[in-house]
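A quick write-up on the structure given underneath.
Each chain gets a letter, A, B and so on, in the order its sequence line appears, and its residues count up from 1. All values below were derived from every heavy atom in this structure, side-chain atoms included, with hydrogens, water molecules and symmetry-related copies excluded.
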Number of protein chains: 2
Amino acid sequence: MRRAGQPPAFRAVGDGSKLSTATELYPEELQLATRNKGMPLEALRYPITPTGLHYLLVHYDIPAVDAPAWELTVAGQVNNALRLSLDDIQRRPKASVTVTMECAGNGRSLLSPRPISQPWVVEAIGTAEWAGTPLRGILEEAGLTARAVEILFTGLDLGVEGGVVQNYQRCLSLEEATRDDVLLAYEMNGQPLEPQHGYPLRLVAPGWYGMANVKWLDRIEAIETPFDGYQMNAYRYAQSNDDEGERLRFMKVRALMIPPGIPDFLTRTRLVEPGPVTLKGRAWAGRTAVSRVELSTDAGATWSDARLGEQVAPSAWREWSCQWKAEPGSYTLCARATDAQGKVQPLEQPWNVKGMGNNMVQRIEVVVA
Amino acid sequence: MRRAGQPPAFRAVGDGSKLSTATELYPEELQLATRNKGMPLEALRYPITPTGLHYLLVHYDIPAVDAPAWELTVAGQVNNALRLSLDDIQRRPKASVTVTMECAGNGRSLLSPRPISQPWVVEAIGTAEWAGTPLRGILEEAGLTARAVEILFTGLDLGVEGGVVQNYQRCLSLEEATRDDVLLAYEMNGQPLEPQHGYPLRLVAPGWYGMANVKWLDRIEAIETPFDGYQMNAYRYAQSNDDEGERLRFMKVRALMIPPGIPDFLTRTRLVEPGPVTLKGRAWAGRTAVSRVELSTDAGATWSDARLGEQVAPSAWREWSCQWKAEPGSYTLCARATDAQGKVQPLEQPWNVKGMGNNMVQRIEVVVA
């Protein structure tokens with residue numbers, strides 16, 4: 001890698017002649033992309049994502065919450081309805097959990113045709129240490145009645161979606177809601193939640209895609225009939241508008257690589273010096289384990305095994321690394337993970353209407369020079 | 001605003017039939033939009049932007065800096081070259097400054113034809129409290145020689161841009177570099193810098209567009225001939241590729257409004273209840289003052305004066321507010337600021353090659369129902 005002289009390989013990386021074919025995008029999608037936040041992929045180097053680098057998807061507006069006046073309501077099919085201040089919640093037993101969280105729509109812009117919504121590439125990911133009180137303790141205190149079948153979580157965030165005015169709402173089954181590691185979290189990475197991450201209190205449900213982790217909690221309600229609200233139906237693997245499709249639950253297996261070398265500003269094509277390169281990244285698999293990560297330097301034609309490293313925490317991503325002897329030329333690097341159930345990331349993603357649950361292998365264009 | 005029944009106005013906000021005309025966008029631009037971060041406009045409510053909500057533009061990768069091994073070099077046309085550890089710098093006099101900072105490319109995607117780069121809409125803004133040591137003290141300790149004409153700042157961030165391998169570099173004149181409020185900052189909002197904001201040390205030059213505030217400082221050099229490097233020429237008001245154009249310096253006057261009411265998820269069109277509405281926002285004007293903010297509810301045909309409120313700090317934005325009696329119908333709200341020199345935000349932005357220094361008035365689509 002030389003700083004002067006500008007040999008042809010440098011120009012191939014950086015002169016803009018390698019731009020992909022332009023696609024049609026609605027200005028409204030671009031507006032979503034500039035307000036929602038991806039994690040720059042070099043931040044895969046951090047076991048815990050710095051707060052300001054964690055991905056963020058906010059459906060409506062970040063609500064303005066007056067924390068001293070705020071209370072959490074616990075109601076519905078309970079024997080003792082509760083109204084809890086933030087102080088009340090912080091006096092309860094404190095637990096923490098380190099969680100890799102991914103947006104259900106991650107990868108959406110890579111689908112063809114591209115579903116119209118937040119146009120993620122592959123960076124809607126992050127890992128944080130959340131602290132709060134276990135939800136189970138609160139539910140035990142409220143005392144679920146025999147008629148309770150699900151727990152419904154309502155956020156303070158209010159907006160219009162699909163023509164329906166709504167607060168953001170999602171439910172969990174009793175089994176999921178009462179797991180040890182499900183928290184009502186008031187801290188992220190050792191600090192009070194920043195407003196955009198759900199201040200003053202949010203749900204953290206390890207293993208689930210992001211949509212289950214309801215932010216800005218207003219109300220927790222034990223309900224006697226399964227909840228079928230807007231957000232339960234928005235997050236489905238539907239093949240057409242007439243297909244109901246299965247609901248999304250846990251994050252699928254995925255590996256991401258720290259892009260090696262240095263980037264071109266515009267194309268993000270990487271320039272790598274010839275010689276030995278350690279390719280590194282992280283992989284995760286929702287409620288199961290990552291059992292294998294493979295690397296390809298030829299766009300997926302051939303694969304070799306990466307070394308699996310430390311898992312940051314039970315619900316967090318796992319390191320992987322692989323040696324590569326980089327020789328001059330152009331390469332498409334890919335990483336592909338397999339989970340403990342044998343599920344492998346696809347090279348071509350099966351399409352669905354909403355662009356959900358995409359875990360297609362990442363491709364990184366590299367010029368070695 | 002009703003929750004049920006879904007009258008026609010709600011559908012007009014939320015059914016997607018109001019999408020704008022799609023435009024061509026390169027996937028590479030989208031990739032930039034998902035890694036760089038805008039400030040969701042409701043965050044205008046905070047006088048100081050929470051760290052994770054502050055806008056962020058990173059040309060190359062966020063570098064991995066080993067802070068204990070890191071040293072700042074102060075060299076060039078100085079009598080005493082310095083190498084300073086973070087501890088050395090933190091033992092020096094500490095000062096803080098609250099600064100509104102905007103990306104020079106803010107608003108770029110609104111230009112037509114659209115210059116190809118980071119495709120901001122209007123949200124590349126934020127205000128932070130930076131703390132560190134005044135640069136002037138460091139320069140005095142190093143002792144500038146009579147041959148020094150500019151101060152050159154080199155970041156650790158390395159990449160390719162325009163076919164040129166480079167560390168990010170910008171210069172300031174001696175006059176600008178030795179102002180009271182120019183800091184070598186190691187804290188943002190009372191905490192050590194997060195990696196993406198320049199950890200362990202960055203330059204903060206109040207009033208300048210973001211590009212002058214070099215992050216991840218490696219080297220500060222007093223130079224004897226004016227610096228003409230890549231980034232000095234990238235940030236210009238050029239009318240064509242043959243036009244050199246004036247270099248960008250200070251942020252132009254601009255007002256932004258907190259979008260009133262509630263948003264549609266996809267279009268961000270706002271739904272507002274009929275009745276009195278307080279429209280609020282913030283305005284700034286680089287090195288000069290905001291003297292006036294006006295509001296239009298008819299896409300700029302007629303204007304009325306807003307009330308100017310508190311200026312958060314000398315180099316930070318100023319509050320404004322305006323009462324509006326919202327009656328059922330559709331509106332395009334605009335806010336327009338004037339600076340102390342009489343410069344007014346344009347309704348239509350003069351175009352330039354790089355899409356720099358856009359301060360066109362913001363437009364917010366609102367349905368009152």
Chain B contact via [X] - which portion, at a heavy-atom distance below 4.5 Å:
X        : value
A:Glu194 : side chain
A:Tyr46  : side chain
A:Glu24  : both
A:Leu110 : neither

Salt-bridge present (A:Arg270, B:Asp61; N to O < 4.0 Å): yes

Who among [options] has the most heavy-atom pairs with chain B under 4.5 Å?
options                               : result
A:Ile62, A:Leu32, A:Asp157, A:Thr51   : A:Ile62
A:Glu42, A:Glu123, A:His59, A:His54   : A:Glu42
A:Ile116, A:Thr21, A:Val121, A:Thr34  : A:Thr34
A:Gln191, A:Met39, A:Glu29            : A:Gln191
A:Pro195, A:Ser117, A:Pro259          : A:Pro195
A:His197, A:Arg268, A:Gln31, A:Gln118 : A:Arg268

Heavy-atom contact with chain A under 4.5 Å, split by part of B:Thr23: both

Specify the closest pair of heavy atoms between [X] and [Y], including all atoms of both residues, with the distance to one decimal.
X        : Y        : result
B:Pro50  : A:Gln196 : CB-OE1, 4.5 Å
B:Val160 : A:Asp264 : O-OD1, 3.1 Å
A:Ala22  : B:Pro27  : CA-CD, 4.4 Å
B:Leu30  : A:Ala33  : CD1-CB, 4.2 Å

Option that, when pairs with chain A are counted at under 4.5 Å, heavy atom only, ranks first among B:Ala43, B:Ala64, B:Pro119: B:Ala64

Greatest number of heavy atom pairs closer than 4.5 Å to chain A - which of B:Leu56, B:Leu41, B:Leu25: B:Leu25

Pairwise distance CG(A:Leu266) to CD(B:Glu161) - rounded to 0.5 angstrom: 9.0 Å

Non-neighbouring partners of B:Tyr26 that pass ring pair (Phe, Tyr, Trp, His ring centres under 6.0 Å), sequence neighbours left out: none

Any side-chain heavy-atom pair of A:Arg35 and B:Lys37 under 4.5 Å: no

Side chain to side chain donor-acceptor pair (under 3.5 Å) involving A:Tyr199 - partner list, sequence neighbours excluded: none

